[in-house]
Amino acid sequence: MQPQYGPALVDMIEGTLSWRMWGRLGWLDIKRRYRRTMIGPFWTTLSLGIFILTLGIMWAHLWKQDPKMYLPFLCSGFLVWVMVSTTLIEGCAVFFSAEGLIKQLRFPYSMLVWSVVWRNVIVFFHNLIIFLLVGLYAGVPVNAATLLVFPGLVLLILNSLWMVVVLGLVCSRFRDIQQVMSSILQLAMFVTPIFWTADQLGKRFISFIEYNFLFHVVDIVRSPLLGKSPALWSWLYVGGVTLVGWIVAVVIFSRFRRRISYWI
Amino acid sequence: MASLVLENVTIDFPIYGSQKTFRHALFEKTTGGFIRREGNKNQRVTVRALENISLTLSHGDRLGMIGHNGAGKSTLLRVCAGVYEPTYGKVSINGKVSPLFSTSPGLDGDDTGYENIQTCGMFLGMTPEEIARKTPEIEQFSELGDYLSLPVRTYSTGMLVRLGFGIATSIDPEILLLDEGLGAGDARFAERANKRVDALVARASILVLASHSDALIKTMCNKAILLQGGLIVASGSVDDVIKEYQQINKSVA
């Protein structure tokens, strides 16, 4: 199949520009999920909050860490992790869950990609309340490094977008991948420093983390939240992956975009 | 000026996940498109839904597509809508296409009537300003009153039809694609609905209508094609094509 770069790029640009549509879809998805509940999206926030608090206090005790150090660390890392992993798992279904629309109308497919990412960004900001509370309790510093959370988030979103494009395409054709992804992510959660810090791992396994993309992508948002500047290597690594990832996404999307309606 | 040109369009659908025995069964009996195998070891099963279709439509054309179930009518409509890019051949769509295959794309039961007017309207290609302008008209036509502020899952089937229909027929289409006309509710509603469809069609520059019904095509179209097994077997004036269609029906019966 010949790649069609023109139509693919047009799709990506038009999809991005149709922010009204994906903005609305993202909001509605959240609204629907929590309709007729009293506290709406804060249910996720509440259960996450309880989870983080309970685990945080217990593990701080188990590992003899200062809860005022450990809780903010766990909280920030876990919230970012939840955003990344939910985006990726939902991203697998981005095209085939919209079968009804895709088979009926012509619209930029990338609009759907945006709506998945946007929805998870909204949820992330809801959940950030937990971190604010934890941060207040633990006295997390707010300084110049805190501002780095914005470029961090932008990079994270850029990466979510290309990953959802690729995963969505692959999963439209091979439905097993979604299952594979959720298994991998579950495992990845434990081997990525989220519940434990990179220092705890020791020298022997450090290279394992140095090249763990998920670690860096979490850390460029987590460190600023904790008032620390992320390592230069994290910026470089995530930046590099962003570039390569986008190239891969454009190539794959150009090649298979028009097959999506046949696959789903 | 709107135009719609199809040149030698062929559509092959890949079939995934069909088991071997099922595949054998498919080969024995072919209804609809032609089923074939592709790939190195003939492992891929594809269905040829349309073969070598050429069409040229310009302003004022009202094309009726007639044919049996599985003849390729809906697929051809979807090609015209830009949903399927052809396996071979070329499609040039010039103008805004409004496919009305189901009356309410993106309709969600948990959203209110007003919310659904927004969402469906957006999917049908309306700008927020257009939606705002058309909302009173939809309110009036659907006769739903305060119900529009309630979730649509509380609606009766008839009410839902009225809402979907009201939204769908409020658009200003350039190229309008209709599958089997649009379903209407009770008798009183059917009459009003017909009027609304007529007005909608009159606003469109080009109409493509797929239907089993001779009568519908006769009243709404000025050209017709007859599809059979993914091929155009007759085209021309509505009367000629319908005659042909009836002949085929007779020869089968």
Side-chain angles (χ1 to χ4, degrees), chain A residues 1-4 6-8 10-11 14 17-37 40 95-109 111-112 115 170-177 253-264, chain B residues 11-17 44 46-47 49 74-75 77-88 91 93 96-112 115-129 131 150-154 168 171 175 177 179:
Chain A
M1 184 143 305
Q2 282 301 308
Q4 296 178 313
V10 167
D11 182 304
E14 282 184 349
L17 292 178
S18 58
W19 55 272
R20 276 186 208 271
M21 212 165 201
W22 52 258
R24 183 176 174 77
L25 282 184
W27 264 119
L28 280 178
D29 280 336
I30 293 179
K31 251 172 107 176
R32 280 172 200 152
R33 228 180 277 177
Y34 300 104
R35 208 168 291 260
R36 296 171 69 188
T37 60
F95 298 127
F96 67 75
S97 65
E99 182 182 353
L101 286 175
I102 289 180
K103 289 216 169 150
Q104 230 183 107
L105 303 165
R106 186 175 61 159
F107 61 93
Y109 295 144
M111 188 276 287
L112 295 170
S115 85
V170 175
C171 294
S172 303
R173 174 65 184 83
F174 303 102
R175 301 292 160 98
D176 313 65
I177 305 295
F253 194 58
S254 307
R255 212 168 264 265
F256 297 112
R257 188 190 63 92
R258 69 194 132 146
R259 300 302 292 168
I260 292 176
S261 54
Y262 288 90
W263 283 342
I264 57 174
Chain B
I11 297 272
D12 285 335
F13 282 116
I15 308 290
Y16 300 111
R44 275 217 325 258
T46 60
V47 173
S74 300
T75 307
L77 275 182
R78 288 188 170 141
V79 173
C80 294
V83 166
Y84 293 129
E85 289 197 22
T87 318
Y88 308 103
V91 180
I93 302 167
K96 198 178 100 183
V97 188
S98 302
L100 290 184
F101 303 151
S102 90
T103 49
S104 22
L107 188 103
D108 193 280
D110 278 330
D111 295 349
T112 67
E115 283 174 329
N116 274 306
I117 292 178
Q118 296 268 334
T119 317
C120 297
M122 237 177 209
F123 275 121
L124 292 171
M126 285 197 264
T127 60
E129 296 76 37
I131 297 173
L150 295 185
V152 301
R153 75 185 140 71
T154 62
I171 56 174
I175 301 172
L177 311 174
D179 205 351

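A, B, ... follow the sequence lines: proteins, then strands. Residue 1 opens every chain.
Using a 4.5 Å cut-off between heavy atoms, Leu101(A) touches chain B through its side chain atoms alone. There is no contact between Leu77(B) and chain A, counting heavy-atom distances below 4.5 Å. In this structure, the portions of Thr119(B) lying under 4.5 Å from any heavy atom of chain A include both its backbone and its side chain. For chain B, the nearby parts of Tyr262(A) are the backbone and the side chain; heavy atoms of each come within less than 4.5 Å. Looking at Ile260(A), neither its backbone nor its side chain comes within 4.5 Å of chain B, counting heavy atoms on both sides. For Ser98(B), no part lies under 4.5 angstrom from a heavy atom of chain A. For Pro128(B), the part lying under 4.5 angstrom from a heavy atom of chain A is the side chain only. Contacts of Tyr109(A) with chain B are made by side-chain atoms alone, with heavy-atom separations under 4.5 Å and no backbone atom involved.
Listed options Arg175(A), Lys103(A), Met21(A) were ranked by heavy-atom pairs under 4.5 angstrom with chain B; first place goes to Lys103(A). Ranked by heavy-atom pairs under 4.5 Å with chain A, the list Ile93(B), Val97(B), Asp110(B) is led by Asp110(B).
Judged purely by atom type and a 3.5 angstrom limit, Ser261(A) uses its side chain to pair as donor or acceptor with the backbone of Val83(B). The backbone N or O of Asp12(B) sits less than 3.5 Å from a side-chain atom of Thr87(B), completing a donor-acceptor pair.
Minimum interatomic distance between Gly125(B) and Lys96(B) (heavy atoms only, all atoms of both residues): O-NZ, 3.8 Å. In terms of heavy-atom proximity, Ile131(B) sits nearest to Met122(B) at CD1-N, 3.7 Å. Taking every heavy atom of both residues into account, Asn116(B) and Leu107(B) meet most closely at OD1-CA, 3.4 Å.
To the nearest 0.5 angstrom, Asp11(A) atom CG is 3.5 Å from Phe253(A) atom CZ.
A salt bridge links Glu85(B) to Arg257(A): at least one charged side-chain nitrogen sits closer than 4.0 Å to a carboxylate oxygen.
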